[in-house]
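The structure displayed is predicted, hence computed values, not measured ones.
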Amino acid sequence: MRKYSNRVLWSCICIYTVIVALFYCSSYFFIFDDTSIVTWAKNLTATEIVTRPVIGFYRPGGILLAKIQYLLFGWDKAFCFCFFSILFHGFSVAIFYHLLLQLNFEPLVATISALLFLASPWATEAIFWFSAQFDIFSVFLGLLTLLLLSHQVETKNPFFITAACGAFTLALSFKENAIILPIIFFILVTRRQLPWRQVALILAPLGIISILYLIIRSQYLPNLGGAYGDLFSVYRNADIPSSIKIFIEAFLFLDTRIYPIPNYVALIYTGGIIVCIGAVITKPRMLATILLLSCTAIAPIAWMTINAQTTSGGRILYAPGIIWSFLIGVGSTTLWNNVNLIQRWPGPRSVKSALTILLFGIITISLLSTFSQIISWRFATNFAKNTFDFMLSSADLSHSCIHITNLPSMTSKGPFLFKSYNLSHHFREKGFSQDVKFSANTVIISENNAAEILGGGPDVFSSPCPTANSLSLTLPLDQLRPD
């Protein structure tokens, strides 16, 4: 069973990676925060990156990685940056799978959990947007840390705890949310009933690293602050119950306004998920473990919120989605193992057939949702490229400032497009030395209806153009739409 599961998982990872690389990454274009991250990474030295916050965050690992990618690929090969994200998402899936096996879960639990995490329809923003590489690599290194720690438990080999400490340190350098990893490990090992002394010896170095990280970080961002404010203020002002409700809805429902799939197909997914959750409820100890893991995973983002009607903000659900995938993997395997108790008539074989179809349906619908979102992200990046190409060929750069009356900032389904300064970054990389400033009134465009254009208000990231030597430009949005 394990050998078969390995083949199925790696085949799915490879097929997924090839499809996304060919259909999406091949035409990727830097959008929204992408240009800012790459520009900062290019202009700062490695020492400066490590010793200062960048764009309001202290995440030196992500900025250093962006610098390395820029040195390797340059500005014009954005598809390589995109492929890097897809590749390491696949590696994270594989590590997640092997972690569950290492923790003595059945191959079926590991396979279903890993395939759902591969799809991650609730967090495509993390996978398809270069700017979310902070999330991709923090999770990759976090899962690697847990896998190394689980090997340390089994072998007591000092190599694994040393490597785990290195991976944990790097995970923190990509995103501060990784600080919950020692708690995640503690929850997982309590199932094994290990001696407390052994657990303490493993957790001690992780605790020391966490404390040192917080001390260093506080030198650059006091009061556990960041671009969104200090930690205590954001939690105090947050509507946490409302945020958690939205998170659950994002995991449980595939909103057909976002994903172009029929309502009854989305209901099959939701119904199947509820059945799997019901199965986990019959295992109180496992349910308690998953609830503790869920609370820990959501704690760093509980103050945040997302728009359930768009893909915007879905990146914050990338890491918690691992626990959600695990929940469904455990529930579906529980159903499978107890199929003879589910229904006495018309017989176990019929019930197993129905259950097989249901589990296959959950995974297939999740992947269908993900691939349908690729269409939306491809539309957004291609629209952004067409917009810049039009500006490159048509704009009169002799003016000191260009005001765009209808700059597309995002689509109605969520993918982002432009801020005014993105244009400055793109022009500078094309060799335009003159310092042309841009300002804009933004619009939100529809992927499916060219006539549907909503006002987004002034671009808050730009300053108004002076009246002297400025140009007002209206983009022909209908002509810039991708074919």
Exercise for the section: Show your working on ring pair (Phe, Tyr, Trp, His ring centres under 6.0 Å) between Tyr28 and Phe83 and close with a plain yes or no. Expected result: CA-CA 9 Å; Tyr28 191 77; Phe83 180 70; over 10 Å; no
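- Atoms CG and OG, from Leu118 and Ser92 in turn, are 10.5 Å apart once rounded to the nearest 0.5 Å.
- Across all their heavy atoms, Ile31 and Ala384 have their closest contact at CG2-CB, 3.6 Å.
- Using cut-offs of 30° and 60° on the angle between ring planes, the pair Phe32 and Trp129 is tilted.
- In this structure, Arg52 forms no cation-pi arrangement with Tyr220, as its terminal cationic atom is not both closer than 6.0 Å to the ring centre and no more than 45° off the ring axis.
- Remark: Arg59 is positioned above the aromatic ring of Phe57, its terminal NZ or CZ atom under 6.0 angstrom from the ring centre and at most 45 degrees off the axis.
- Between Phe174 and Phe137, the angle of the ring planes stays under 30°, which puts this pair in the parallel group of the 30/60° scheme.
- Taking every heavy atom of both residues into account, Ala119 and Thr370 meet most closely at O-OG1, 2.6 Å.
- The existence of a salt bridge linking Asp459 and Lys419 is excluded, since no basic side-chain nitrogen approaches an acidic carboxylate oxygen closer than 4.0 Å.
- Within the 6.0 Å centre-distance limit, the rings of His89 and Phe117 are counted as a close aromatic pair.
- A donor-acceptor pair under 3.5 Å is absent between the side-chain atoms of Asn441 and the main chain of Thr405, judged by distance alone.
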Exercise for the section: Might you work through the ring pair (Phe, Tyr, Trp, His ring centres under 6.0 Å) test for Tyr269 and Phe253, ending with a clear yes or no? Expected result: CA-CA 8 Å; Tyr269 166 86; Phe253 302 104; 8.9 Å; no
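- Looking only at distances, no side-chain donor or acceptor of Glu447 sits under 3.5 Å from a matching main-chain atom of Lys413.
- Proximity of a side-chain donor or acceptor of Ser325 to a complementary backbone N or O of Ala114 within less than 3.5 Å is not detected.
- Counting heavy atoms from C-beta outward, Arg378 and Ser27 have side chains that approach closer than 4.5 Å.
- Contact annotation: the side chain of Asn6 approaches that of His98 to within less than 4.5 Å [non-hydrogen atoms, C-beta and beyond].
- By the 4.5 Å heavy-atom criterion applied to side chains, Ser85 and Ile127 are not counted as neighbours.
- Remark: the backbone N or O of Gly329 is paired with a side-chain donor or acceptor of Ser332 at under 3.5 angstrom.
- Note: Phe251 and Phe247 fail the aromatic proximity criterion, with ring centroids not under 6.0 Å apart.
- The side-chain heavy atoms of Lys42 and Lys67, taken from C-beta on, include no pair separated by under 4.5 Å.
- Minimum heavy-atom separation, Ser294 to Ile323: OG-CG2, 3.4 Å.
- Counting only distance, with no hydrogens or angles, the side chain of Ser369 and the backbone of Ile365 share no donor-acceptor pair below 3.5 Å.
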Practice task
Show your working on side chain to side chain contact (heavy atoms under 4.5 Å, CB included) between Cys165 and Ile209 and close with a plain yes or no.
Solution key: CA-CA 8 Å; Cys165 288; Ile209 291 171; 3.5 Å; yes
Would you give me the side-chain donor-acceptor pairs under 3.5 Å for residues 44-51, sequence neighbours excluded?
unit_1 : atom_1 : unit_2 : atom_2 : d
Thr45  : OG1    : Glu48  : N      : 3.2
Thr45  : OG1    : Glu48  : OE1    : 3.4
Glu48  : OE1    : Thr45  : N      : 2.9
Thr51  : OG1    : Thr47  : O      : 2.6

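- Atoms NE2 and CZ, on His425 and Phe438 in that order, are 11.0 Å from each other to the nearest 0.5 Å.
- Ring planes of Phe388 and His426: tilted class, angle from 30 to 60°.
- Under the 6.0 Å cut-off for aromatic ring centres, Trp377 and Tyr24 do not qualify, their centroids lying 6.0 Å or more apart.
- Counting heavy atoms from C-beta on, the side chains of Ile362 and Ile273 come closer than 4.5 Å.
- Of all the heavy atoms in Gly314 and Glu125, the pair that sits closest is N-OE1, 3.3 Å.
- Below 30°, between 30° and 60°, or above 60°: for Phe88 and Phe91 the angle between ring planes is above 60°, a perpendicular geometry.
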Exercise for the section: Kindly indicate, with the supporting measurements, whether the criterion side chain to side chain contact (heavy atoms under 4.5 Å, CB included) is fulfilled by Val443 and Leu454. Expected result: CA-CA 5 Å; Val443 295; Leu454 304 175; over 6 Å; no
Practice task
Report the C-alpha separation of Ile444 and Thr411 in whole Å, then their side-chain angles, then the decisive distance to 0.1 Å, and conclude whether the side chain to side chain contact (heavy atoms under 4.5 Å, CB included) test is met.
Solution key: CA-CA 5 Å; Ile444 300 171; Thr411 73; 5.7 Å; no
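- Between the side chain of Ser218 and the main chain of Ile215, a donor-acceptor pair closer than 3.5 Å is present.
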Tell me which donor-acceptor pairs under 3.5 Å the side chains of residues 14-21 have, and how far apart each pair is, sequence neighbours excluded?
unit_1 : atom_1 : unit_2 : atom_2 : d
Thr17  : OG1    : Ile13  : O      : 2.8

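- The minimum heavy-atom distance between Ala297 and Ile301, with the atom names listed, is O-CG1, 4.4 Å.
- Residues Phe96 and Phe326 have side chains in contact (heavy-atom distance under 4.5 Å, counting atoms from C-beta outward).
- A side chain to side chain donor-acceptor pair (under 3.5 Å) with Lys385 is found for exactly one of Asp389, Thr387, Asn382, Thr381, namely Asp389.
- Here CG of Leu252 is found 5.0 Å from CD1 of Ile274. Values are rounded to the nearest 0.5 Å.
- In this structure, the side chains of Cys25 and Phe128 stay at 4.5 Å or more apart for every pair of heavy atoms.
- Interatomic distance, OG of Ser366 versus CH2 of Trp122, reported as 6.0 Å (0.5 Å rounding).
- Listed here is the closest heavy atom pair of Leu100 and Val109: CD1-O, 4.3 Å.
- Side-chain contact between Arg236 and Trp303: absent, with no pair of heavy atoms (C-beta onward) separated by less than 4.5 Å.
- Aromatic rings from Phe30 and Phe81 are positioned such that their centres are separated by under 6.0 Å.
- Without hydrogens or angle criteria, Thr39 side chain to Ser36 main chain gives no donor-acceptor distance under 3.5 Å.
- Panel note: side chain Thr442, backbone Gly457; a donor-acceptor pair is recorded below 3.5 Å.
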